[in-house]
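Because only heavy atoms are used, hydrogens play no part in the values below, and waters and symmetry mates are left out as well, while side chains stay in. Not measured: the values here are computed from a predicted model. A, B, ... follow the sequence lines: proteins, then strands. Residue 1 opens every chain.
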There are 2 protein chains.
Amino acid sequence: MKKGLTKICSRFFTNLANPTRLAALEQLLEKPMSVNELATALGQEQSMISHNLKPLLDCNLITIQKQGKKHIYTVNQETLQPIFAAIENHAQKFCPTGGKCLNGEN
Amino acid sequence: MKKGLTKICSRFFTNLANPTRLAALEQLLEKPMSVNELATALGQEQSMISHNLKPLLDCNLITIQKQGKKHIYTVNQETLQPIFAAIENHAQKFCPTGGKCLNGEN
DNA sequence: ACTTCATATGAATAATTATTCATTTAAATA
DNA sequence: TATTTAAATGAATAATTATTCATATGAAGT
């Protein structure tokens with residue numbers, strides 16, 4: 001890790017450290033969609049989705065494409081794919097049973 | 001991303017989304033060290049370091065090796081290296097100027 | 001221009017997470 | 001076994017972040 005990356009990493013991880021945003025990303029990985037589609041798919045309020053998409057967009061973890069009234073959001077796969085892959089590997093190799101990493105809820 | 005990884009990812013990212021813990025990891029990447037060494041290196045209280053190392057350890061992002069009284073912590077490079085690399089790439093390619101991702105402090 | 005549909009924003013409150021300080025546990029050694 | 005050193009824990013408070021609800025913006029169609 002390059003020195004001084006602590007700051008950008010902190011913001012980056014903060015953006016990802018949220019179940020609503022992760023669920024949104026998970027959904028958007030299936031296919032790009034609009035805010036309302038996302039809200040419906042996740043069973044959440046539209047404003048909640050908007051609020052949560054904003055930091056992801058600001059950090060370029062998703063991109064927006066405006067089609068008239070609709071705003072279609074797309075995942076930045078180049079960045080997120082390897083990260084999720086690393087976590088999947090970690091889960092399998094280092095937390096096979098979930099363990100303390102998953103004890104408790106969230 | 002495999003379905004249902006949202007939960008583990010959330011905990012995972014929550015652990016990383018903290019400047020103190022990132023600084024600790026950055027330091028431990030240089031070389032494994034004890035709690036007090038870390039505290040000194042980062043200019044923080046021992047109890048703060050301990051509190052922050054705990055979730056990293058619970059999630060196996062670091063490992064512990066007890067040498068008598070001293071507890072030497074080591075980074076799980078297999079997991080963290082590719083993640084930090086992906087973020088570095090992201091920062092260069094998608095946030096070359098920092099932009100909104102870094103505006104404000106943190 | 002008015003209405004509708006889609007999204008974003010703001011401000012208040014709720015919930016979560018971090019930090020501090022005091023205390024405890026545990027290992028090593030006198 | 002008493003003392004010292006290293007680290008962990010607990011509980012209180014501070015700080016941050018999430019969520020909700022009301023409202024604003026903005027694009028399209030009438």
Side-chain angles (χ1 to χ4, degrees), chain A residues 6-7 9-25 27-28 32-59 61-74 100-106, chain B residues 6-7 9-25 27-28 32-59 61-74 100-106:
Chain A
T6 295
K7 193 180 175 183
C9 284
S10 181
R11 172 67 60 96
F12 190 96
F13 289 129
T14 297
N15 282 344
L16 292 172
N18 177 287
T20 303
R21 289 195 285 278
L22 286 170
L25 289 172
Q27 200 65 46
L28 292 176
M33 50 177 88
S34 72
V35 176
N36 272 325
E37 283 179 289
L38 259 178
T40 300
L42 301 178
Q44 306 262 202
E45 295 280 320
Q46 171 270 315
S47 75
M48 170 141 170
I49 300 297
S50 279
H51 275 302
N52 278 286
L53 291 179
K54 185 169 190 310
L56 294 175
L57 186 61
D58 288 346
C59 242
L61 291 172
I62 55 178
T63 56
I64 191 174
Q65 180 197 354
K66 300 185 183 181
Q67 293 183 351
K69 296 189 261 199
K70 297 204 172 179
H71 296 186
I72 307 297
Y73 286 93
T74 304
K100 289 182 192 166
C101 189
L102 281 176
N103 289 344
E105 60 314 312
N106 90 21
Chain B
T6 294
K7 192 180 177 186
C9 283
S10 180
R11 172 66 62 94
F12 190 96
F13 289 130
T14 297
N15 283 344
L16 292 172
N18 176 287
T20 302
R21 288 194 285 277
L22 286 170
L25 289 172
Q27 199 66 46
L28 291 177
M33 50 176 91
S34 71
V35 176
N36 273 323
E37 282 177 290
L38 259 177
T40 300
L42 301 177
Q44 307 262 202
E45 295 279 321
Q46 172 269 316
S47 74
M48 170 140 169
I49 300 298
S50 280
H51 275 303
N52 277 287
L53 290 179
K54 185 169 190 309
L56 296 175
L57 185 63
D58 287 347
C59 242
L61 292 171
I62 55 177
T63 55
I64 191 175
Q65 182 197 352
K66 300 186 183 181
Q67 293 184 348
K69 296 189 259 200
K70 296 205 171 179
H71 296 186
I72 306 298
Y73 285 93
T74 303
K100 288 181 194 167
C101 189
L102 282 177
N103 289 344
E105 57 314 313
N106 85 23

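Taking atom CD1 of residue A:I64 and atom P of nucleotide C:dT7, one finds them 9 Å apart after rounding to whole Å. Separating the NZ atom of B:K69 from the P atom of D:dT4 is a distance of 11 Å, rounded to the nearest angstrom. Atom pair A:M48:CE and C:dG10:P shows a separation of 19 Å (rounding to whole Å applied). Rounded to whole Å, atom P of D:dA7 lies 16 Å from atom CD of B:Q44. Straight-line distance from the CD atom of B:E37 to the P atom of D:dA6: 10 Å, rounded to whole Å. Residue B:L53 contributes atom CG, which lies 16 Å from atom P of D:dA6 at whole-angstrom precision. In this structure, CZ of A:R11 is placed 12 Å from C1' of D:dT17, rounded to the nearest angstrom. In this structure, A:K66 places its NZ atom 16 Å from C1' of C:dC5, rounding to the nearest Å.
Side-chain nitrogen and oxygen atoms of B:S50 include none within less than 4.0 Å of the OP1 or OP2 phosphate oxygen of D:dT9. For B:S34 and D:dA7, the shortest distance from a side-chain N or O to OP1 or OP2 is below 4.0 Å. The side chain of B:N36 contributes an N or O atom lying less than 4.0 Å from OP1 or OP2 of D:dA7. Remark: A:T20 is in phosphate contact with D:dT19, judged by side-chain N or O atoms under 4.0 Å from OP1 or OP2. Residue A:Y73 places at least one side-chain N or O closer than 4.0 Å to OP1 or OP2 of C:dA8.
Checked against C:dT17, C:dT7, D:dT9, the side chain of B:K54 finds its nearest nucleotide in D:dT9. Nearest to the side-chain atoms of A:V35 among the listed nucleotides C:dA8, C:dT19, C:dT20 stands C:dA8.
At a cut-off of 3.5 angstrom, the base of C:dG10 holds at least one donor-acceptor pair with the side chain of A:H51.
A distance-only check finds no donor-acceptor pair linking the side chain of A:N52 to the backbone of A:R21 [under 3.5 Å]. When atom types are taken as modelled, the side chain of A:T14 and the backbone of A:S10 share a donor-acceptor pair closer than 3.5 angstrom.
In this structure, A:R11 CZ and A:D58 CG are separated by 8.0 Å, a value rounded to the nearest 0.5 Å.
A:A39 meets the side-chain contact (heavy atoms from CB on, under 4.5 Å) test with A:I49; sequence neighbours excluded.
Take the nearest nucleotide of DNA chain D for A:Q46 and for B:A17: the residue whose nucleotide is more 5' is B:A17. Judged by closest nucleotide on DNA chain D, A:N18 is the one of A:N18 and A:Q67 placed further toward the 5' end.
With A:L25 as the fixed residue, the side chain to side chain contact (heavy atoms under 4.5 Å, CB included) test singles out one of A:N18, A:T20, A:N15, A:L16: A:L16.
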